[in-house]
Amino acid sequence: MSTSLRSLSRGDVRAIYDRPLLELVARAARVHREHHDPRHVQCSALLSIKTGACPEDCAYCPQSAHHNTELEREPLLSLDEVVERARQAKAQGADRFCMGAAWRDVTEGKAFDQVLEMVSTVKALGLETCATLGMLDRDQADRLRDAGLDYYNHNLDTSPEFYGEIISTRTYDERLATLAAVRDSGMKVCCGGIVGMGETDEDRVGLLHELARQDPQPESVPINALVAVDGTPLADQPPIDWDVMVRMVATARVLMPKTVVRLSAGRTELGEAAQAMCFLAGANSIFLGDRLLTTPNPEPDADESLLEKLGLAPKRPA
Ligand code: SAM
Ligand code: DTB
Ligand code: SF4
């Protein structure tokens with residue numbers, strides 16, 4: 001879509017983000033209805049296939065080896081375990097299965113070969129596949145694509161200028177290089193960020209600007225609210241105000257009309273009414289299941305009841 005939206009300056013993005021909230025929501029809702037079926041919510045499920053002991057120092061992440069969290073580390077799951085979990089996810093209404101590994105980057109070898117096998121086996125169940133494995137190069141992206149990977153998740157997380165406050169073990173440019181490898185391989189890009197880490201509105205705008213100016217824009221944009229985990233440097237961050245989530249979703253929708261915007265981590269704390277406003281403002285994807293990677297997500301019954309109240313339907317596989 002629209003060269004014009006991709007070429008907006010950061011100031012232009014700021015002007016959209018700063019609109020009175022209900023005007024912004026109304027505009028986003030209009031854009032949403034032009035490009036999407038507003039009664040559909042895409043449902044993904046997440047599984048941590050390798051947990052903890054990550055060499056990166058991401059301040060928000062319970063899986064970083066730099067922080068003292070109570071998280072139980074777990075080596076790479078077996079193919080059987082992953083396939084069983086994917087089957088369950090499908091039975092619960094998910095149409096995409098996302099496998100996350102606490103790796104800095106993909107390294108050639110047995111573990112990567114096992115992940116490739118997981119991807120092709122999950123794909124064969126009739127699910128869309130997504131993985132988030134850290135940085136990778138073009139050759140590794142091609143191998144994942146050939147195994148049947150539909151989406152690769154790799155977040156920019158925040159603005160380029162705030163990034164160094166949150167992560168010191170890698171750079172924004174390295175993130176962009178991985179995103180380029182994914183894009184060039186022909187896989188779909190899932191790329192978003194986190195709010196509630198102590199960033200300013202200008203950082204949120206900076207993130208949205210970086211996302212929107214990618215060419216093509218990401219097919220999927222997850223908006224996460226920080227899940228503050230004890231033992232991480234961000235453990236004491238106050239919960240984000242609900243209107244920030246609504247503003248993020250609505251601005252993302254206006255800037256990236258065709259993108260699927262996922263209301264990701266933080267739904268448990270957000271409450272039903274604020275989630276409803278996010279759906280109105282253009283969010284059209286969630287993670288189903290009571291666990292994200294390592295932290296809680298709403299119970300399936302609660303989500304079913306919320307979607308029913310709102311007249312929203314998960315898009316189930318044919
Ligand atoms: N290690 C890989 C990487 O960082 O690219 C993949 C897994 S990592 C856990 C996936 C994403 O989860 C991160 O990019 C971050 O946006 C999100 N995330 C991690 N911890 C979070 C938290 N406590 N709250 C919200 N989002 C979080
Ligand atoms: C994304 O943006 N959010 C998901 C997914 N991509 C991999 C991960 C959220 C993780 C929340 C913290 C946890 O459960 O460990
Ligand atoms: Fe590692 Fe990813 Fe967590 Fe950063 S976000 S510490 S790279 S698992």
Side-chain angles (χ1 to χ4, degrees), residues 1-21 24-25 27-28 31 56-61 132 135 153-180 182-183 189-228 233-234 237-266 278 281-283:
M1 140 123 263
S2 54
T3 317
S4 58
L5 281 171
R6 275 206 325 273
S7 57
L8 289 181
S9 69
R10 194 194 267 207
D12 298 329
V13 175
R14 178 87 206 215
I16 299 170
Y17 180 91
D18 279 340
R19 295 297 300 159
L21 187 64
L24 174 58
V25 169
R27 176 170 171 190
V31 172
E56 300 280 72
D57 70 353
C58 312
Y60 49 75
C61 187
T132 182
M135 295 185 272
N153 165 253
H154 200 64
N155 290 341
L156 288 173
D157 280 337
T158 189
S159 68
E161 66 272 21
F162 191 60
Y163 202 73
E165 305 281 315
I166 297 298
I167 299 150
S168 79
T169 47
R170 60 169 185 255
T171 64
Y172 217 74
D173 282 344
E174 286 176 301
R175 280 323 250 190
L176 292 170
T178 293
L179 289 166
V182 172
R183 181 52 85 198
V189 170
C190 174
C191 180
I194 310 182
V195 293
M197 304 187 293
E199 75 287 340
T200 61
D201 280 322
E202 189 56 29
D203 292 315
R204 296 170 191 144
V205 166
L207 167 68
L208 291 166
H209 184 227
E210 291 299 327
L211 294 172
R213 72 201 189 105
Q214 289 180 43
D215 184 13
Q217 296 183 328
E219 282 79 7
S220 166
V221 167
I223 306 288
N224 298 278
L226 175 74
V227 182
L234 299 182
Q237 280 296 319
I240 196 76
D241 287 329
W242 62 269
D243 55 301
V244 172
M245 278 306 265
V246 175
R247 215 174 263 289
M248 285 298 289
V249 167
T251 310
R253 171 50 69 227
V254 171
L255 294 174
M256 296 172 278
K258 290 186 178 165
T259 294
V260 172
V261 177
R262 182 173 308 110
L263 195 52
S264 301
C278 290

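Computed from heavy atoms alone, side chains included, the values below leave out hydrogens, waters and symmetry copies.
Contact between R19 and L24 at its shortest, heavy atoms only, is CB-CB, 4.0 Å. The nearest pair of heavy atoms linking G266 to V227 is N-CG2, 4.1 Å. Across G198 and Q237, no two heavy atoms sit closer than the pair N-OE1, 3.4 Å. Considering all non-hydrogen atoms of both residues, R6 and A212 come closest at CG-O, 3.2 Å. When all heavy atoms are compared, the tightest approach of T259 to P218 is OG1-O, 2.7 Å. Counting all heavy atoms, side chain and backbone alike, A28 lies closest to A281 at CB-O, 3.4 Å.
By the side-chain contact (heavy atoms from CB on, under 4.5 Å) test, A59 pairs with I166, P233, L234, sequence neighbours left out. By the side chain to side chain donor-acceptor pair (under 3.5 Å) test, R27 pairs with no residue at all, sequence neighbours left out. Qualifying ring pair (Phe, Tyr, Trp, His ring centres under 6.0 Å) partners for F162, counting only residues two or more places apart in sequence or in other chains: none. With sequence neighbours left out, E56 forms a side chain to side chain donor-acceptor pair (under 3.5 Å) with R104, T169, R170. In terms of the ring pair (Phe, Tyr, Trp, His ring centres under 6.0 Å) criterion, Y17 has no residue partners (sequence neighbours excluded). Not counting sequence neighbours, T178 has no partner by the side chain to side chain donor-acceptor pair (under 3.5 Å) test. Contacts of C278 classified as side-chain contact (heavy atoms from CB on, under 4.5 Å), with partners at least two apart in sequence or in another chain: M245, V246, V249, L263, L270, A283. With sequence neighbours left out, D243 forms a side chain to side chain donor-acceptor pair (under 3.5 Å) with no residue at all. The salt bridge (charged side-chain N to carboxylate O under 4.0 Å, His left out) test applied to D173 returns no partner, not counting sequence neighbours.
Looking at R253, its side chain never comes within 3.5 Å of a backbone N or O of M248 through a donor-acceptor pair. Although no hydrogens or angles enter the test, the distance criterion places a donor-acceptor pair under 3.5 Å between the side chain of N155 and the main chain of G192. Of the possible donor and acceptor atoms, none in the side chain of E210 sits under 3.5 Å from a partner among the backbone N and O of L207. In this structure, Q217 contributes its side chain and L255 its backbone to a donor-acceptor pair below 3.5 Å.
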- Task: Could you please spell out the steps behind the side-chain contact (heavy atoms from CB on, under 4.5 Å) verdict for I167 and D57?
- Result: CA-CA 6 Å; I167 299 150; D57 70 353; 3.8 Å; yes
- Query: Which is it for L179 and V189 under the side-chain contact (heavy atoms from CB on, under 4.5 Å) test, yes or no, and what are the steps along the way?
  - Reply: CA-CA 7 Å; L179 289 166; V189 170; 3.8 Å; yes
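Among the candidates V254, I16, T251, L156, the single residue satisfying the side-chain contact (heavy atoms from CB on, under 4.5 Å) test with L208 is T251.
Interatomic distance, CG of D241 versus CZ of R247, reported as 11.0 Å (0.5 Å rounding). In this structure, the separation between OG on S264 and CG on N153 is 8.5 Å, given to the nearest 0.5 Å.
Screening residues 194-204 for salt bridge (Lys or Arg N to Asp or Glu O under 4.0 Å) gives R10-E202, R14-E202, E199-R204, D201-R204 as the qualifying pairs, with residues at least two apart or on separate chains.
Between N224 and Y60, the side chains place no donor N or O within less than 3.5 Å of an acceptor N or O (distance only, hydrogens not considered).
Side-chain contact check for H154 versus V182: every heavy-atom pair is 4.5 Å or farther apart.
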